[in-house]
Amino acid sequence: MTPPHSPGDRRHAEWTVVLEEMEGEVIDAERSIRGNRAEEIAAWGRRMEDWVPPSSLGPLPMDLRERAARLLQHQLAVAEELVERITQSQRQRDLAARMAYRPRPVAAFVDRAL
């Protein structure tokens, strides 16, 4: 017979799952950056929703607070890098667009004997 789990144990397990999912998302975002996958990087940049923990989770258990703080720092670092990459990509697109529409000099060759 399995001993009954206390609400604290259940809350701890649920928070552990939530933190693991969030860590996975940060790692996925880093992979997009490292792989220079522009479309994926742009997609991460379009995610504008703030994460709000479900009310059913309850407060974060004390022993998970350090892990959550490290995750937050990791998220902030990746978010900063995403913003930098998106900005850099936009500058490159703008430059390419300006270059594409600029009249290019035409080479002229004169065929005459020297």
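Computed from heavy atoms alone, side chains included, the values below leave out hydrogens, waters and symmetry copies. These numbers were taken from a predicted model, which means no experiment stands behind them.
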Would the distance check show the side chain of W15 and the main-chain N or O of P59 forming a donor-acceptor pair, the cut-off being under 3.5 Å? yes

Working to the nearest 0.5 angstrom, can you tell me the gap between I86 CD1 and I33 CD1? 8.5 Å

Crowded around E20 CD? As in, over 12 foreign heavy atoms under 6.0 Å? yes

Does a side-chain heavy-atom distance below 4.5 Å link L57 with R11? no

E80/R85 under salt bridge (Lys or Arg N to Asp or Glu O under 4.0 Å): CA gap, chis, key distance, verdict: CA-CA 9 Å; E80 186 176 321; R85 286 296 190 90; over 6 Å; no

Hey, what do you get for CD (E81) to CD (E84), rounding to the nearest 0.5 Å? 6.5 Å

If you look only at distance, which donor and acceptor atoms sit under 3.5 Å apart when one is on a side chain in residues 69-78 and the other is two or more places apart or in another chain?
unit_1	atom_1	unit_2	atom_2	d
R70	NH1	E66	OE2	3.1
H74	NE2	E30	OE1	3.1
H74	NE2	E30	OE2	3.1

Is the closest side-chain heavy-atom distance between T16 and H12 below 4.5 Å? yes

Audit row: R31, I27, side-chain contact (heavy atoms from CB on, under 4.5 Å) steps and yes/no: CA-CA 6 Å; R31 284 186 185 128; I27 290 168; 3.6 Å; yes

Does A68 have any side chain to side chain contact (heavy atoms under 4.5 Å, CB included) partners at least two apart in sequence or in another chain, and if so, which? L19, L60

